[in-house]
Novice: 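After the C-alpha cells below, expect a handful of questions from me.
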Amino acid sequence: MIKSYEKSNIIVKSKVYPETLWLKRLLNIGLLICSVWLITIIFSILNENYKNQIFYPMWICISFLIYWIGYIGLAKSKLLIERKKLKANKKRETKIKKSINSNSTFNKIETKIITEQLYLNPNLNLSLLSNLLGLSEGYISQQINTNSEINFNDYINKLRINNAKETLTNKDFNNYTIESIGLESGFNSKSSFYAAFKKFTNQTPVQYKKDVRNL
C-alpha cells in the first residue's frame with residue numbers, strides 16, 4: 001500500500017519516502033522472521049523434533065526486533081519533539097516580524113498625527129487620515145487599537161487633552177476661557193471637551209487648572 005501510494009503520488013514522494021522507510025524495513029524484517037519461524041516449526045513437526053534448542057535463534061531474532069522497534073519509537077519521539085520546537089520557533093519568529101511591522105506602521109501613523117498636530121483639527125477622522133497616509137481606514141484603526149489599546153476617537157481625544165492640560169498650566173493663556181482652550185485643542189464643542197477631560201483626568205478643566213496653579 002505504501003509503495004503504491006508513493007508511485008501514484010510522485011510529487012510527495014520526497015516527503016513520504018523518508019518518513020515510511022523505517023516502517024517498510026520493520027515490515028520486511030518482521031515478515032522475514034515470521035517466515036523463517038514458520039519454516040522452522042514445519043521442519044520440526046515433520047522431523048518430530050520438539051527440542052527447544054532449534055528455536056533459540058528465532059527467540060534472539062524476535063528480541064532484536066522488539067529492541068529495534070523500541071529504538072525507532074524513541075528516535076521518532078525525539079524527532080517529533082524537535083519538530084514541535086522548530087514549529088514553535090517559526091511561529092515565534094512570525095509573531096516577532098508581525099510585531100515589528102505593526103510597530104513600524106503605528107510609529108508612522110503616530111508621527112504624522114503628532115508632528116503635524118493633526119489632532120488639533122476638529123474635523124480629523126479616519127477618512128481624512130486615510131487619505132493623508134495612503135492606508136485604509138480599517139488598517140489605521142486596527143493599528144491604533146493594537147498598539148495604544150484604545151480606539152481611534154479616544155486616542156485623538158487623549159492627545160487633545162494633553163494639549164489642553166499644557167495650555168491650562170501655561171500662565172500665558174490666563175486670558176483664555178476654558179471653552180476657547182477646548183476649541184483650540186481640537187474639540188468642536190464645550191460639552192465634548194468637558195466629557196473627554198473628565199474621562200481622562202477624573203477632573204473638570206476648571207478643577208485641574210485650580211489644582212495645578214495651587215502647586
Side-chain angles (χ1 to χ4, degrees), residues 9 11-12 14-15 80-213 215:
N9 295 271
I11 297 176
V12 297
S14 60
K15 293 183 179 180
L80 289 174
I81 292 171
E82 290 298 322
R83 285 177 181 173
K84 287 180 180 179
K85 288 181 179 178
L86 287 173
K87 286 182 179 179
N89 289 335
K90 286 182 179 179
K91 287 181 179 179
R92 197 177 298 111
E93 288 175 1
T94 302
K95 286 182 179 179
I96 291 171
K97 287 179 180 178
K98 287 182 178 179
S99 177
I100 292 172
N101 292 333
S102 177
N103 288 335
S104 177
T105 304
F106 176 70
N107 289 337
K108 177 184 175 182
I109 296 170
E110 189 170 50
T111 301
K112 183 75 172 178
I113 294 172
I114 294 175
T115 56
E116 297 185 17
Q117 294 186 319
L118 298 179
Y119 56 89
L120 297 180
N121 180 1
N123 296 318
L124 180 66
N125 53 33
L126 282 170
S127 177
L128 179 58
L129 196 57
S130 173
N131 292 330
L132 292 172
L133 292 168
L135 300 171
S136 70
E137 295 179 26
Y139 186 62
I140 294 172
S141 177
Q142 182 264 329
Q143 287 295 311
I144 291 175
N145 287 342
T146 302
N147 292 278
S148 68
E149 298 182 349
I150 52 178
N151 61 40
F152 173 75
N153 290 330
D154 283 345
Y155 174 76
I156 297 300
N157 282 341
K158 190 173 182 180
L159 293 175
R160 289 169 175 167
I161 293 301
N162 289 337
N163 183 82
K165 286 164 67 176
E166 291 179 6
T167 307
L168 288 168
T169 56
N170 192 334
K171 294 182 179 180
D172 294 336
F173 296 91
N174 281 341
N175 295 329
Y176 278 60
T177 62
I178 298 298
E179 183 178 0
S180 62
I181 290 174
L183 295 175
E184 288 289 332
S185 299
F187 291 95
N188 53 20
S189 68
K190 181 180 178 180
S191 59
S192 61
F193 173 49
Y194 268 73
F197 202 96
K198 184 75 173 178
K199 180 177 181 179
F200 289 106
T201 66
N202 290 322
Q203 290 181 303
T204 66
V206 176
Q207 291 171 333
Y208 177 82
K209 184 177 180 179
K210 287 180 179 179
D211 290 345
V212 171
R213 295 295 175 86
L215 292 177

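For clarity, every value in this text was computed on a predicted model and none was experimentally measured. The figures here come from the full heavy-atom set of this structure, side chains too, leaving out hydrogens, waters and symmetry mates.
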Novice: If every non-hydrogen atom of Asn163 is compared with every non-hydrogen atom of Ser185, which pair is closest and at what distance?
Specialist: ND2-OG, 3.1 Å
Novice: I'd like to know if the side chain of Asn170 and the backbone of Glu166 have a donor-acceptor N/O pair within less than 3.5 Å.
Specialist: no
Novice: Is atom NZ of Lys198 surrounded by more than 12 heavy atoms (other residues, nucleotides or ligands) closer than 6.0 Å?
Specialist: yes
Novice: Roughly how far, to the nearest 0.5 Å, is the OG1 atom of Thr111 from the CZ atom of Phe106?
Specialist: 9.0 Å
Novice: Please test Asp154 against Phe200 for side-chain contact (heavy atoms from CB on, under 4.5 Å), starting from the C-alpha separation and ending with a verdict.
Specialist: CA-CA 9 Å; Asp154 283 345; Phe200 289 106; 4.1 Å; yes
Novice: Does the side chain of Asn151 reach to within under 4.5 Å of the side chain of Ile144, using non-hydrogen atoms?
Specialist: no
Novice: Are more than 12 heavy atoms, taken from residues, nucleotides or ligands other than Tyr194, located less than 6.0 Å from that residue's OH atom?
Specialist: yes
Novice: Return the minimal non-hydrogen interatomic distance between Lys209 and Asn174, and the atom names on each side.
Specialist: NZ-O, 4.3 Å
Novice: Are any non-hydrogen side-chain atoms of Gln207 and Thr201 less than 4.5 angstrom apart?
Specialist: no
Novice: Judged by modelled atom types alone, do Gln142 and Thr146 share a side-chain donor-acceptor pair under 3.5 Å?
Specialist: yes
Novice: Using side-chain heavy atoms (C-beta onward) and a distance below 4.5 Å, is Phe152 in contact with Glu137?
Specialist: no
Novice: Enter the distance from Leu159:CG to Glu110:CD here, rounded to the nearest 0.5 Å.
Specialist: 7.5 Å
Novice: For Pro122 and Asn188, which heavy atoms make the closest approach, and how far apart are they?
Specialist: CB-CB, 4.2 Å
Novice: State whether a side-chain donor-acceptor pair under 3.5 Å links Arg160 with Asn157.
Specialist: yes
Novice: Could you grab the distance from atom CG of Leu132 to atom CG of Leu118, nearest 0.5 Å is fine?
Specialist: 6.0 Å
Novice: Can you find a heavy atom in the side chain of Ile178 that is under 4.5 Å from one in the side chain of Leu168?
Specialist: yes
Novice: How are the rings of Phe193 and Phe187 set to each other: parallel, tilted or perpendicular (split at 30° and 60°)?
Specialist: tilted
Novice: Is Lys165 close to Phe197 at the side-chain level, that is, under 4.5 Å between some pair of heavy atoms?
Specialist: yes
Novice: For residues Ile156 and Ile113, determine if any side-chain heavy atom of one lies less than 4.5 Å from a side-chain heavy atom of the other.
Specialist: yes
Novice: Restricting to non-hydrogen atoms, name the atom on Tyr176 and the atom on Ile181 that form the minimum distance, rounded to 0.1 Å.
Specialist: CB-CG1, 3.8 Å
Novice: Considering non-hydrogen atoms only, spot the tightest contact between Leu183 and Ser189 and give its length.
Specialist: CD2-N, 4.0 Å
Novice: Are the side chains of Leu135 and Ile109 in contact, using a 4.5 Å heavy-atom criterion?
Specialist: yes
Novice: Between Asp211 (side chain only) and Tyr208 (backbone N and O only), is there a donor and an acceptor less than 3.5 Å apart?
Specialist: no
Novice: In the structure I gave you, are the side-chain heavy atoms of Thr167 and Glu184 within less than 4.5 Å of one another anywhere?
Specialist: no
